[in-house]
Amino acid sequence: NAGVTQTPKFRILKIGQSMTLQCAQDMNHNYMYWYRQDPGMGLKLIYYSVGAGITDKGEVPNGYNVSRSTTEDFPLRLELAAPSQTSVYFCASSELQGGNTEAFFGQGTRLTVV
Amino acid sequence: RKEVEQDPGPFNVPEGATVAFNCTYSNSASQSFFWYRQDCRKEPKLLMSVYSSGNEDGRFTAQLNRASQYISLLIRDSKLSDSATYLCVVTQGGSEKLVFGKGTKLTVNP
């Protein structure tokens with residue numbers, strides 16, 4: 001019963017390095033999301049996808065890229081890491097079922113850029 | 001106007017108190033409504049869905065007022081374990097996309 005799996009759980013990056021945060025879900029959900037959450041703050045939507053091959057920007061997309069080649073996977077790419085990208089990143093998926101839409105979240109990736 | 005707005009909080013209440021959170025949403029076409037709970041340094045998890053007729057789950061009661069585009073969550077007999085951030089969530093009008101409020105932090109004190 002995996003749900004949404006994010007890797008890695010923790011990462012320290014140097015300024016200018018790049019990395020990919022992985023997210024996979026096994027519930028066959030169409031919607032997937034990437035959020036960042038800074039300390040003491042709310043969730044900010046980075047990118048989302050309504051299905052394989054379709055992605056769209058959220059409120060804070062700058063400095064990030066995504067792809068959705070399969071229903072299961074929704075990786076988030078940081079090309080040139082900056083200290084401002086130090087945050088906790090959550091991936092989520094959701095699907096309309098029986099008139100209800102519930103989102104399931106991964107456990108988060110804690111990223112520090114130094 | 002933001003899509004989903006919540007009480008800014010934080011709320012600090014003693015054990016046993018009743019506390020209410022409010023939330024407004026801007027898109028009248030929104031169809032589904034939820035309250036999520038987020039513990040410190042953890043991922044958000046679904047607390048309860050909100051139905052048009054209102055619904056109750058133990059000490060928690062959720063209400064929806066479509067005319068006023070308003071959602072509420074009432075917690076009775078607060079426990080220390082209720083301390084968390086409560087997120088109001090609605091589906092974007094005309095789609096399944098979920099829109100999260102910024103959350104309201106609750107601390108229940110002994």
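What you are looking at is a predicted structure, and each value in this text was computed from that prediction instead of being measured. Here is the naming used below: chain letters follow the sequence lines, and residue numbers restart at 1 for every chain.
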S.K.: Is the charged tip of Lys97(B) near the ring of Tyr48(A): under 6.0 Å from the six-membered ring centre and within 45° of its axis?
M.R.: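 Judged by the rule, Lys97(B) and Tyr48(A) form a cation-pi pair.
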
S.K.: Using a 6.0 Å cut-off, check whether atom CD of Gln107(A) has over 12 heavy atoms from anything other than its own residue.
M.R.: no

S.K.: Consider only side-chain heavy atoms of I, L, V, M, F, W and Y, link residues closer than 4.5 Å, and tell whether Ile46(A) and Val99(B) are in one cluster.
M.R.: no

S.K.: With a 4.5 Å cut-off on side-chain heavy-atom distances among I, L, V, M, F, W and Y, is there a chain of contacts connecting Tyr33(A) to Val50(A)?
M.R.: yes

S.K.: Looking at side-chain heavy atoms only, is the closest gap between Arg110(A) and Arg41(B) below 4.5 Å?
M.R.: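 They are in side-chain contact.
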
S.K.: Check this for me: Ile15(A), atom CD1, are more than 12 non-hydrogen atoms of other residues, nucleotides or ligands nearer than 6.0 Å?
M.R.: yes

S.K.: Between Ile75(B) and Met48(B), is there a shared hydrophobic cluster once you connect ILVMFWY residues whose side-chain heavy atoms come closer than 4.5 Å?
M.R.: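 Result: yes, single cluster for both.
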
S.K.: Can the ring centres of Phe104(A) and Tyr36(B) be said to be less than 6.0 Å apart?
M.R.: no

S.K.: Determine the option with the most heavy-atom pairs under 4.5 angstrom with chain B, choosing from Gly108(A), Gly40(A), Ala103(A).
M.R.: Ala103(A)

S.K.: With a 4.5 Å limit on heavy-atom distance, are the side chains of Tyr31(A) and Leu98(B) in contact?
M.R.: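 Result no, sub-4.5 Å side-chain heavy-atom pair not found.
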
S.K.: Go through the atoms of Glu59(A) and report whether side chain, backbone, both or neither lie under 4.5 Å from a heavy atom of chain B.
M.R.: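 For Glu59(A), the contact with chain B is made by the side chain alone.
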
S.K.: Do the side chains of Gln38(B) and Gln37(A) get nearer than 4.5 Å, heavy atoms only?
M.R.: yes

S.K.: Is there a chain of hydrophobic side chains (I, L, V, M, F, W, Y, each step under 4.5 Å between heavy atoms) that links Val13(B) to Leu80(B)?
M.R.: yes

S.K.: Do the non-hydrogen side-chain atoms of Glu43(B) and Tyr35(A) ever get within less than 4.5 Å of each other?
M.R.: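 Result no, sub-4.5 Å side-chain heavy-atom pair not found.
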
S.K.: Most heavy-atom pairs under 4.5 angstrom with chain B, which of Leu43(A), Val88(A), Asn30(A)?
M.R.: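 The candidate making the most pairs under 4.5 Å is Leu43(A).
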
S.K.: Between atom CZ of Phe100(B) and atom CZ of Phe90(A), what is the distance when rounded to the nearest 0.5 Å?
M.R.: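 Result: 10.5 Å between the selected atoms.
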
S.K.: Please determine whether the number of non-hydrogen atoms from other residues, nucleotides or ligands lying under 6.0 Å from atom NZ of Lys102(B) exceeds 12.
M.R.: yes

S.K.: Give the cluster check for Leu87(B) versus Val60(A): same hydrophobic cluster or not, with ILVMFWY residues linked at side-chain heavy-atom distances below 4.5 Å.
M.R.: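 Looking at the clustering, Val60(A) is in a separate group from Leu87(B).
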
S.K.: How close do Pro44(B) and Phe105(A) get, counting heavy atoms only, and between which atoms?
M.R.: O-CD1, 3.4 Å

S.K.: Which value, rounded to the nearest 0.5 Å, describes the distance between Glu102(A) atom CD and Ser49(B) atom OG?
M.R.: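 It comes to 7.0 Å.
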
